[in-house]
Enquirer: 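Have a look at this one.
Letters A, B, ... mirror the listed sequences (proteins, then strands); counts begin at 1. What you are looking at is a predicted structure, and each value in this text was computed from that prediction instead of being measured.
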Number of protein chains: 2
Amino acid sequence: MSDDSTKGPSSEQSVARPTLAEVARRAGVDKSTVSRALRDDSAISAETRARVQQVAAYLHYVPNANARRLSNAQTNVLAFASRAFRRNDDSDQFLMELLAVITREAVAAHFDVLLCCPEEDENDLQMYERILGGHHADGIILMDLRRNDPRLDYLCARGYPHVLFGRSDEDIRRARRYPYPWVEVDNRFGVRAGMEHLLSLGHTRIAFVGGDFAEYFCVFDRHTGYHEALQSAHIAQNPELFLPGPVTEAEGYRLAQRLLAQHQPPTAIFAFGDVMAAGVMRAAHEAGLVVGRDLAVVGFDGLGLGRFLTPTLTTLRQPLQEVGRSLVQLLIAQIQGNTMSDAHVLLCPELEIRASTGGVWNPSDSPASPTSR
Amino acid sequence: MSDDSTKGPSSEQSVARPTLAEVARRAGVDKSTVSRALRDDSAISAETRARVQQVAAYLHYVPNANARRLSNAQTNVLAFASRAFRRNDDSDQFLMELLAVITREAVAAHFDVLLCCPEEDENDLQMYERILGGHHADGIILMDLRRNDPRLDYLCARGYPHVLFGRSDEDIRRARRYPYPWVEVDNRFGVRAGMEHLLSLGHTRIAFVGGDFAEYFCVFDRHTGYHEALQSAHIAQNPELFLPGPVTEAEGYRLAQRLLAQHQPPTAIFAFGDVMAAGVMRAAHEAGLVVGRDLAVVGFDGLGLGRFLTPTLTTLRQPLQEVGRSLVQLLIAQIQGNTMSDAHVLLCPELEIRASTGGVWNPSDSPASPTSR
DNA sequence: TTGTACGCGTTATCAT
DNA sequence: ATGATAACGCGTACAA
């Protein structure tokens, strides 16, 4: 801190931030020379470069990003949009991890990450227009894809670089490859893997809870996985065991209560997400059931939460590291005009078998907890 | 999507984004007139303004943020830095909620939010220099304050606007008349409130786990709260009951095991954070104890997680809405040169009493079983 | 009320 | 290898 410590931050000018011109003056060369020397641009004599860099370092010179952006017509900023920024709900948990990965990857490639959220009475499309049209970012990462998502048409038409976490029906229905890249965790496959795990344990009355908006591709896909798994196992669909609903802990609790009150309750419950599974387990516990013995529970996402629950939760882990890395790399490649822009990355969630499906549990054990650890 | 679906995004030019000059040309006026009309700047005839705005809307004109920033010497961007973006650990959970609040508040004030993370072999100070010195953002929100935090001197000296979530040592600040705003949740008060809750339930052997780096003000403060509460209650300090350590679920599990293995185990355990408390509860459960009856557990933070655990977790809820709102408003006020720059906001965490401290439980109820192991 | 001219800090093109 | 000069798109004194 400087010695004039009585002055407030706004009462005194900030330390002047030197410009290219200032560096040039002190180094006795032209601005353009400094610009080049600092970027190893074209051939600059070694000694000139050294002197310039020395002066720049001495002055703590940092190029003005906005001037650079204006000149380059590129911002080196990635935008990240998620409805989680509007209202907080339980399902946000894994976003933080994803965001951390994305930020690290972006920074490593010298990109900034911008968080996007619609303004008051502004819809998604208007927000994209504001961010991309206003040159706040070069491209955007989209979440929460819908089966038929109007945002894609929009971004396509305007030529705005983007990458999807998720996909729409375009690819599948029209057998027409979406000309923009997407990264997806195969939700259908994941649910099927979880279902096969339950089936292999001998369960036949398997319920599914959660997912209230079938228009979200992710919801559609997980539901499809559930139905397909039953079909493959030649188990008749039972509408009473399929209960869509908001993906919250409270709803998991409520729906599980409803399921367990049936005269022929399910022996296993597949929850749309881990947080919801927590609610299911809470209901089961209150009903006097021991999860992992009297009732099997499977979640989805692989949140840290699943390891903290009692019993620990069997779940499908989303490979967030790979997701984040792919999203950033595909978007940057696209921005820089590389040709792999229509790459599609489909990752498989990994089945983590834990105690809630009674993995390690042994019938002769005491009704106490699964003593796996 | 356009009809030429065979073309990749990079094979075709983006839709041209109109400039001020373009709008001016189409409206038959000068650039400056457009500039003013679009910002209700100075007096512009109603009809001119109407025509200009109509043309701008027709062309989907959005001002180039970088040109505007260059001209205004202000970016309207807030930077957010947290070590959570470097590596993911359990303690990140509440950041997502905070980030959501911050983003909403910032956007409402027409500011963008930028996520910051040091580059490879770059330290914190260098990162600030890059972000603030490079005009990526006008100011920054700092997390994870240390008792004697070198970052403050640095930011002060350079005159970079900033606001702290947390604070440094009173005396150090006072001696230097630290003129920047901070927002803090009173950790010491929170722990004392939790301790008083436990004391009122009759507990005297109360352990505290977690907090491995006393240089973090937050750690120092919570530890102080613990010690002060014991002192106020005339309970002798017992080093065996005070176990600092990393704030993770695994460490909570480990330390609780150690505590419960003592010949005179504690009857209550205060965990540094909710996630850590989850580990404590897991250990207790495995040891055959019923949390809320045989052992009381208190957490800190008020994460959603606490409501999902069995039993539900008594905790100190951090008022993240208010924290986020204050941070953004104080930072923006500072950036815009308003005088409330040295405002200090101290918020109180709220004690949420849930089942883990045995709401209904009564000391004479059962043989304080931890001793009966 | 509107137009003119210049500056913001950088990069790029053209000379030298 | 280096210097002069012109954009980039917008805001804003100043002039009309």
Side-chain angles (χ1 to χ4, degrees), chain A residues 13-14 16-53 55-56 59-77 110 130 132-138 336, chain B residues 14 16-53 55-56 59-77 110 130 132-138:
Chain A
Q13 280 310 321
S14 313
R17 280 169 270 189
T19 69
L20 214 47
E22 175 70 7
V23 176
R25 202 176 56 73
R26 306 275 277 247
V29 293
D30 190 81
K31 298 187 313 183
S32 53
T33 304
V34 176
S35 175
R36 289 187 276 244
L38 260 33
R39 285 174 302 123
D40 300 346
D41 187 78
S42 67
I44 291 278
S45 82
E47 54 178 342
T48 305
R49 168 180 304 131
R51 192 172 73 252
V52 167
Q53 290 182 337
V55 172
L59 293 177
H60 297 288
Y61 168 75
V62 182
N64 183 318
N66 303 301
R68 176 174 278 183
R69 287 165 179 164
L70 185 59
S71 188
N72 288 342
Q74 189 185 320
T75 64
N76 272 41
V77 175
H110 301 287
R130 176 167 55 86
L132 271 351
H135 296 261
H136 290 80
D138 297 324
Q336 296 176 339
Chain B
S14 314
R17 278 168 273 190
T19 69
L20 213 46
E22 174 69 8
V23 177
R25 202 177 56 72
R26 305 275 277 246
V29 294
D30 189 81
K31 300 186 312 183
S32 56
T33 303
V34 176
S35 173
R36 288 186 276 245
L38 260 32
R39 284 175 302 120
D40 302 343
D41 189 78
S42 68
I44 291 278
S45 80
E47 55 178 342
T48 306
R49 167 180 305 131
R51 192 172 73 250
V52 167
Q53 289 182 338
V55 173
L59 293 178
H60 297 287
Y61 169 75
V62 182
N64 182 319
N66 303 300
R68 177 175 277 183
R69 287 165 179 165
L70 186 58
S71 187
N72 289 342
Q74 185 182 320
T75 64
N76 272 41
V77 175
H110 301 287
R130 176 167 54 86
L132 272 351
H135 296 262
H136 290 81
D138 297 324

Enquirer: Over how many whole Å does the gap from Glu47(A) atom CD to dT2(D) atom C1' extend?
Expert: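 Glu47(A) atom CD is separated from dT2(D) atom C1' by 12 Å.
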Enquirer: Locate the shortest heavy-atom distance separating Arg68(B) from Pro63(B); write the atom from each residue and the value.
Expert: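 What the structure gives for the nearest pair is NH2-CG, 3.5 Å.
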Enquirer: Rounded to the Å, how far apart are Asn66(A) CG and dG11(D) P?
Expert: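 Going from Asn66(A) (CG) to dG11(D) (P), I get 13 Å.
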Enquirer: Hey, is the main chain of Ser32(B) close enough, under 3.5 Å, to the side chain of Asp30(B) for a donor-acceptor pair?
Expert: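 Here the side-chain-to-backbone pair exists.
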Enquirer: Starting the side chain at C-beta, find the nucleotide from dC10(D), dT10(C), dT12(D) nearest to Asp41(B).
Expert: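 Of all the options, the side chain of Asp41(B) is nearest to dT12(D).
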Enquirer: Strictly distance-based, threshold 3.5 Å: is any side-chain N or O of Arg17(B) a donor or acceptor partner for the main-chain N or O of Leu132(A)?
Expert: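 Side chain of Arg17(B) to backbone of Leu132(A): a pair is present.
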Enquirer: How long is the line joining CZ of Arg49(B) and P of dT2(C), in whole Å?
Expert: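 Roughly 9 Å, once rounded to whole Å.
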Enquirer: Tell me the closest heavy-atom pair linking His136(A) and Arg130(A), and the distance in Å.
Expert: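 Result for this residue pair: ND1-O, 3.2 Å.
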Enquirer: Given atom CG of Leu70(A) and atom P of dC10(D), what is their separation to the nearest angstrom?
Expert: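 Leu70(A) atom CG is separated from dC10(D) atom P by 9 Å.
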Enquirer: If I compare all heavy atoms of Thr75(B) with all of Asn66(A), which pair ends up nearest, and what's the gap?
Expert: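 Here Thr75(B) and Asn66(A) meet closest at CG2-ND2, 3.5 Å.
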Enquirer: Rounded at 0.5 Å granularity, tell me how far CD in Glu22(A) sits from CG in Leu59(A).
Expert: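 Taking CD in Glu22(A) and CG in Leu59(A), the distance rounds to 6.0 Å.
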Enquirer: Under 4.0 Å between any heavy atoms, over every strand shown, what does Ala73(B) touch: base, sugar-phosphate, or nothing? Just pick one.
Expert: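 Answer is nothing: Ala73(B) stays at 4.0 Å or more from every strand.
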Enquirer: Side-chain N or O of Ser35(B) less than 4.0 angstrom from OP1 or OP2 on dG11(D)?
Expert: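 Checking Ser35(B) against dG11(D): at least one side-chain N or O falls below 4.0 Å of OP1 or OP2.
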Enquirer: Rounded to the Å, how far apart are Asn64(A) CG and dC10(D) C1'?
Expert: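 Computing the Asn64(A):CG to dC10(D):C1' distance gives 14 Å.
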Enquirer: On DNA chain C, check which nucleotide each of Asn72(A) and Ala46(B) is closest to and give me the residue with the more 5' one.
Expert: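 The 5'-side residue here is Ala46(B).
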Enquirer: How large an angle, rounded to 10°, do the end axes of the helix from dT1(C)-dA16(D) to dT16(C)-dA1(D) enclose when each is built from five base pairs?
Expert: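 Terminal axis comparison yields 40°.
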Enquirer: Select base, sugar-phosphate, or nothing to describe what Ile44(A) touches, counting heavy atoms under 4.0 Å on all strands.
Expert: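 The residue Ile44(A) makes sugar-phosphate contact but no base contact.
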Enquirer: Using OP1 and OP2 only, check whether a side-chain N or O of Tyr61(B) sits under 4.0 Å from dG9(D).
Expert: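 So the side chain of Tyr61(B) is outside the cut-off, no N or O lying under 4.0 Å from OP1 or OP2 of dG9(D).
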Enquirer: Find the distance Arg69(A):CZ to dT10(C):P and express it as a whole number of Å.
Expert: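 Nearest whole value for this atom pair: 13 Å.
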Enquirer: Choosing from dC10(D), dT12(D), dA1(D), which nucleotide comes nearest the side chain of Arg39(B)?
Expert: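 Minimum distance to the Arg39(B) side chain belongs to dT12(D).
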Enquirer: Between Asp41(B) (side chain) and Ser35(B) (backbone), is there a donor-acceptor pair under 3.5 Å?
Expert: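 No, because the side chain of Asp41(B) does not come within donor-acceptor range (under 3.5 Å) of the backbone of Ser35(B).
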Enquirer: Check Val52(B) against Ala27(B) and note the closest heavy-atom contact, atom names and distance.
Expert: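 For Val52(B) versus Ala27(B), the nearest heavy atoms are CG2-CB, 4.4 Å.
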Enquirer: Charged N to carboxylate O under 4.0 angstrom, Arg51(B) versus Glu47(B)?
Expert: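 Glu47(B) and Arg51(B): not salt-bridged.
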Enquirer: For a side-chain contact (heavy atoms from CB on, under 4.5 Å) check, start with the C-alpha distance between His135(B) and Leu70(B), then their side-chain angles and the critical distance, and finish with the verdict.
Expert: CA-CA 9 Å; His135(B) 296 262; Leu70(B) 186 58; over 6 Å; no
Enquirer: Could you list, one pair per line, each protein nitrogen or oxygen that sits under 3.5 Å from a nitrogen or oxygen of nucleotides 3-7 of chain D, together with the distance?
Expert:
unit_1: dG3(D); atom_1: OP2; unit_2: Asp30(A); atom_2: N; d: 2.9
unit_1: dG3(D); atom_1: OP2; unit_2: Thr33(A); atom_2: OG1; d: 2.4
unit_1: dG3(D); atom_1: N7; unit_2: Ser32(A); atom_2: OG; d: 3.4
unit_1: dG3(D); atom_1: N7; unit_2: Arg36(A); atom_2: NH2; d: 2.8
unit_1: dG3(D); atom_1: O6; unit_2: Arg36(A); atom_2: NH1; d: 3.3
unit_1: dG3(D); atom_1: O6; unit_2: Arg36(A); atom_2: NH2; d: 3.2
unit_1: dA4(D); atom_1: OP2; unit_2: Asp30(A); atom_2: OD1; d: 3.3
unit_1: dA4(D); atom_1: N6; unit_2: Ser32(A); atom_2: OG; d: 3.3

Enquirer: To the nearest angstrom, how far is Gln74(A) atom CD from dA12(C) atom P?
Expert: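 Roughly 11 Å, once rounded to whole Å.
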Enquirer: What integer distance in Å separates Arg68(A):CZ from dG9(D):P?
Expert: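 After rounding, the reported distance stands at 18 Å.
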